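Take a look at the structure set out below.
Protein chains get the first letters and strands the later ones, always in sequence-line order, with residue 1 at the start of each. This is a predicted model, so every value here is computed, not measured.
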2 protein chains.
Amino acid sequence: MREIDAKPSRLRADAERNRQRIIEAAREAFTWHGVEVPMATIARKAGVGVATLYRRFPTRDELIREIFADQLQACSAALDEALDDPDPWRGFCHVIEKVCALQAAERGFTEAFLNAFPDAAADHSRRRLEGERGFAALVRRAQRAGALRTDFHPSDLTVVLLANNALSATPDPAAASRRLVSYLLDSFRADAAHTPLPPPTGLGLGHLLPAGHRARPTQGSIE
Amino acid sequence: MREIDAKPSRLRADAERNRQRIIEAAREAFTWHGVEVPMATIARKAGVGVATLYRRFPTRDELIREIFADQLQACSAALDEALDDPDPWRGFCHVIEKVCALQAAERGFTEAFLNAFPDAAADHSRRRLEGERGFAALVRRAQRAGALRTDFHPSDLTVVLLANNALSATPDPAAASRRLVSYLLDSFRADAAHTPLPPPTGLGLGHLLPAGHRARPTQGSIE
DNA sequence: TGGTAAGTGGACGCCATCGTCCACTTGAGC
DNA sequence: GCTCAAGTGGACGATGGCGTCCACTTACCA
């Protein structure tokens with residue numbers, strides 16, 4: 001399932017086993033309690049010591065990234081499929097629906113998404129840029145076809161993802177997400193435009209996490 | 001501005017002054033850092049000791065409630081105005097727009113909203129019920145008039161508020177909120193219904209906060 | 001102007017999480 | 001089997017927020 005065979009895991013058998021148990025425990029813990037769940041809890045669920053957890057995944061982010069690797073793959077795939085779809089509108093809907101479903105399926109996906117596409121790392125930054133560029137192309141195509149309203153702006157994707165992400169905390173995130181996305185897709189159709197929209201937000205995918213999560217402002221400096 | 005003259009604040013002059021400084025500091029702190037900002041930070045900003053803060057507002061919730069009292073008033077008012085509006089659709093839009101704008105204007109409004117309408121307290125529970133009942137009436141009226149799509153469900157209000165609340169963390173919450181609400185209102189029009197909606201979520205206003213904020217599950221019990 | 005209760009601030013103890021360190025255990029190769 | 005490096009777990013100090021307690025200060029009233 002994972003493509004890392006060229007890089008044979010040099011882990012001892014028992015270590016590899018523990019690694020898998022950690023991943024499984026973390027996935028469950030994230031889904032139930034959110035990504036802020038204490039590391040010790042994950043370790044306990046996995047039946048290992050905290051040291052083992054920290055040795056394998058020195059930071060929470062690395063753990064998150066590992067866990068959501070598949071979903072991120074699916075995310076990129078959805079975009080590619082959409083671009084290949086001969087029907088621009090169907091492709092557009094496909095991306096929105098798929099990404100929102102992924103986001104709703106497991107809490108923490110947004111964090112994973114951003115950790116995978118950080119501003120800093122050149123390689124990943126390229127991936128994020130590719131994603132944004134791909135989506136922008138999709139938007140243009142759907143608008144030219146007359147299916148997507150012309151005042152839709154690519155930055156609306158960020159608004160949609162932010163909004164959708166908030167549903168993760170409800171009892172049935174998938175259901176709530178489907179409902180929201182249905183409404184939004186209806187409103188994105190060209191013929192749904194009734195009143196002029198306020199100006200677009202210009203938000204990028206980097207705004208999916210609140211500023212505080214990335215660079216914490218000093219308390220003293222605000223005084 | 002505040003109606004509490006019948007209940008003369010029996011606070012000493014300096015105490016009342018400090019109380020106001022706390023409220024002002026807390027409002028600013030909440031807006032900038034969210035409602036989770038440490039109590040000590042609020043106290044420092046207000047130039048008082050933590051003891052003073054805790055004496056005046058024994059819990060964070062009471063502080064939040066006090067701060068957003070005006071907005072909650074506005075919230076109820078918006079619903080009343082909407083019910084008085086002869087145009088059902090305009091009334092419906094008014095409520096959604098107003099409440100979302102209030103929510104976007106200041107972080108923490110959602111917490112305040114729920115703290116003001118807790119399940120437990122009979123009096124406040126009545127207020128929340130009134131709110132939900134009033135909105136349901138508004139929905140029915142707008143649907144009978146043929147303006148609001150018939151598959152709109154009152155529980156969608158919770159979805160909207162959850163979604164809208166997520167925009168508080170962006171650089172310009174008001175702008176993002178306006179954009180989202182514009183889209184959603186377009187999709188709520190009767191003539192916007194294209195594909196059948198998935199079933200309604202049945203979420204109540206009580207679901208606006210994640211379960212963890214109300215009753216924290218024991219770590220050990222999950223094992 | 002002086003007595004007093006209301007008001008004040010910050011030190012303090014409590015608790016949870018973090019991430020490291022180290023003495024012990026175990027799997028893999030000979 | 002024996003060896004030893006890789007792996008392990010939990011104790012531990014650091015950090016930071018919470019809410020209380022108490023010795024000091026001050027506004028109000030007579």
Whole-Å distance, B:I42 CD1 to D:dG17 P, equals 12 Å
Between C:dG19 (P) and A:D61 (CG): distance, integer Å | 10 Å
May I ask you to evaluate whether B:T52 reaches the phosphate of C:dG9, defined as a side-chain N or O under 4.0 Å from OP1 or OP2?
-> yes
Specify the separation, in whole Å, of atom CZ of A:R44 and atom P of D:dA11.
-> 13 Å
When the distance from CZ of A:R21 to P of D:dG7 is rounded to whole Å, what number comes out?
-> 16 Å
At under 4.0 Å between heavy atoms, what does A:R56 touch on the DNA or RNA strands: base, sugar-phosphate, or nothing?
-> sugar-phosphate
Specify the separation, in whole Å, of atom CZ of B:R17 and atom P of C:dA6.
-> 18 Å
On DNA chain C, nearest-nucleotide positions of A:V37 versus B:A51: which is more 5'?
-> B:A51
Output the single nucleotide from C:dG19, D:dC28, C:dT17 whose closest atom is nearest the side chain of A:Y54.
-> C:dG19
Along DNA chain D (nearest heavy atom to each residue), the more 5'-positioned of B:D14 and B:A40 = B:A40
To the nearest angstrom, the CG-P distance between A:L11 and C:dA28 comes to 11 Å
Between A:R56 and A:E16, is there a salt bridge with N-O shorter than 4.0 Å?
-> no
d(CG, A:L63; P, C:dC18) in whole Å = 12 Å
Decide if the gap between the ring center of A:F152 and the ring center of A:F92 is smaller than 6.0 angstrom.
-> yes
What distance separates B:N164 CG from B:Q103 CD, expressed to the nearest 0.5 Å?
-> 4.5 Å
Polar pair under 3.5 Å, donor/acceptor by atom type, side chain B:R12, base C:dA6 = yes
Of B:N18 and B:V50, whose nearest nucleotide on DNA chain C comes first from the 5' end?
-> B:N18
Regarding the side chain of A:M39, the nearest nucleotide among C:dC18, C:dG7, C:dG27 is C:dC18
For C:dG9, take OP1 and OP2 only and decide whether either is under 4.0 Å from a side-chain N or O of B:R55.
-> no
Report the nucleotide, chosen from C:dG10, D:dC18, D:dG7, that has the shortest atom-to-atom distance to any side-chain atom of B:R60.
-> D:dC18
With under 30° as parallel and over 60° as perpendicular, where do the rings of B:F30 and B:F68 fit, or are they tilted in between?
-> parallel
CD/A:E24: more than 12 non-hydrogen atoms of other groups inside 6.0 Å = no
Spacing of B:L53 atom CG relative to C:dG7 atom P, expressed in whole Å | 15 Å
